[in-house]
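Structure first, then comments.
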2 protein chains.
Amino acid sequence: MIKTKNKKFIKSFGKNLSALRKKAELTQEDLANDADIPLSQVGRIERGEVNTTISTVYVLAKALDIKVTELFRF
Amino acid sequence: MIKTKNKKFIKSFGKNLSALRKKAELTQEDLANDADIPLSQVGRIERGEVNTTISTVYVLAKALDIKVTELFRF
DNA sequence: TTTCGTAAACGCATATATGCGTTATTTATA
DNA sequence: TATAAATAACGCATATATGCGTTTACGAAA
């Protein structure tokens, strides 16, 4: 059970990821391929449905060619 | 199965957390209490044994009174 | 050595992220 | 409108993070 505050944090993270992905002009599928994770997972993360792990954050940052810290700048 | 590169990332995260905790002059138990997570979990994260989630990173940052991005500055 | 504080290292159950599909639904484009 | 592209929303199995407790190891101080 995720606490209310954390749910908001996870939602914000997803929104930020979505924005950064679009800024990079990538589709969810592109990002999924580049990060080598399932497309469905990218969707779930962006929608704030899952409390993703730091290793996934790492591969997403790599694929977006940005620093991990950028994904948390919101 | 965590990839080699990611294992290094997780290890680095743990080391950084440990350093920031000590800088805040907190024991693992203090941090666990403040972040409201099990003591055993703090240990596992610091040793790089687990690929922790962003919500745990969030509560750790809160407890340490630092920004989430600081935990990824390494 | 003995005691104490701290961290490591267990075991085990439960919740949930992930991985891999498939099927809607929405959005954009011809 | 029709078609395609992109995303959402499923289902389900597996891996693993978490939660909680206990035990062991280790260093420092008495």
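Predicted model, so just to flag it, every value in this text is computed and none were measured. Order of the sequence lines sets the chain letters (A, B, ...), proteins ahead of strands, with each chain counted from 1.
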Q. Is A:F9 linked to B:I66 within one hydrophobic cluster, defined over Ile, Leu, Val, Met, Phe, Trp and Tyr using a side-chain heavy-atom separation of less than 4.5 Å?
A. yes
**Q.** Beyond-backbone contact of A:F72 with A:N16, side-chain heavy atoms, under 4.5 angstrom
**A.** no
Q) Which pair of non-hydrogen atoms, one from B:L20 and one from B:E70, has the smallest distance, and what is that distance? A) CD1-O, 3.8 Å
Mind listing the N/O atom pairs, protein and nucleotides 7-10 of chain C, below 3.5 Å?
residue : atom : partner : partner atom : Å
C:dA7   : OP1  : B:R21   : NH1          : 2.9
C:dA7   : OP1  : B:R21   : NH2          : 3.3
C:dA7   : OP2  : B:Q28   : N            : 2.7
C:dA8   : OP2  : B:Q28   : NE2          : 2.8
C:dA8   : OP2  : B:R47   : NH1          : 3.2

Q: Write down the distance between CG (A:L31) and C1' (D:dA8), rounded to a whole number of angstrom.
A: 16 Å
Q) Are side-chain heavy atoms of A:T52 and B:T53 found at a separation under 4.5 Å? A) no
Q: Figure out the OH/P separation between A:Y58 and C:dA17, and round it to whole Å.
A: 23 Å
(Q) Rounding to an integer number of Å, can you tell me how far B:F13 CZ sits from D:dA17 C1'? (A) 14 Å
Q: Measure the distance from CD1 on A:I54 to C1' on D:dT18 and round it to the nearest whole Å.
A: 14 Å
Q. Going from CG on A:N6 to OG on A:S12, what distance comes out if it is rounded to the nearest 0.5 angstrom?
A. 11.0 Å
**Q.** Phosphate OP1/OP2 of D:dT18 contacted by B:T52 side-chain N/O (<4.0 Å)
**A.** yes
**Q.** Separation of atom CD1 in A:I37 from atom C1' in D:dA15, rounded to whole Å
**A.** 16 Å
Q) Knowing that exactly one of A:T69, A:L71, A:L64 qualifies, which makes a side-chain contact (heavy atoms from CB on, under 4.5 Å) with A:K67? A) A:T69
Q. Would you say A:T53 reaches D:dT16's phosphate, i.e. side-chain N/O to OP1/OP2 under 4.0 Å?
A. no
Short N/O separations, protein against nucleotides 23-30 of chain D, under 3.5 angstrom:
none

Q) So, are B:K15 and B:E46 salt-bridged, with charged N and O less than 4.0 Å apart? A) no
Q: Drop me the distance from A:I45's CD1 to A:L60's CG, to the nearest 0.5 angstrom.
A: 5.5 Å
(Q) For residues B:V50 and B:L39: do they belong to one hydrophobic cluster (side chain heavy atoms under 4.5 Å, members Ile, Leu, Val, Met, Phe, Trp, Tyr)? (A) no
Q: Starting from C1' on C:dT16, measure out to CG on A:N6 and report it in whole angstrom.
A: 15 Å
Q) What's the CD-C1' distance between B:Q41 and D:dC20, to the nearest Å? A) 11 Å
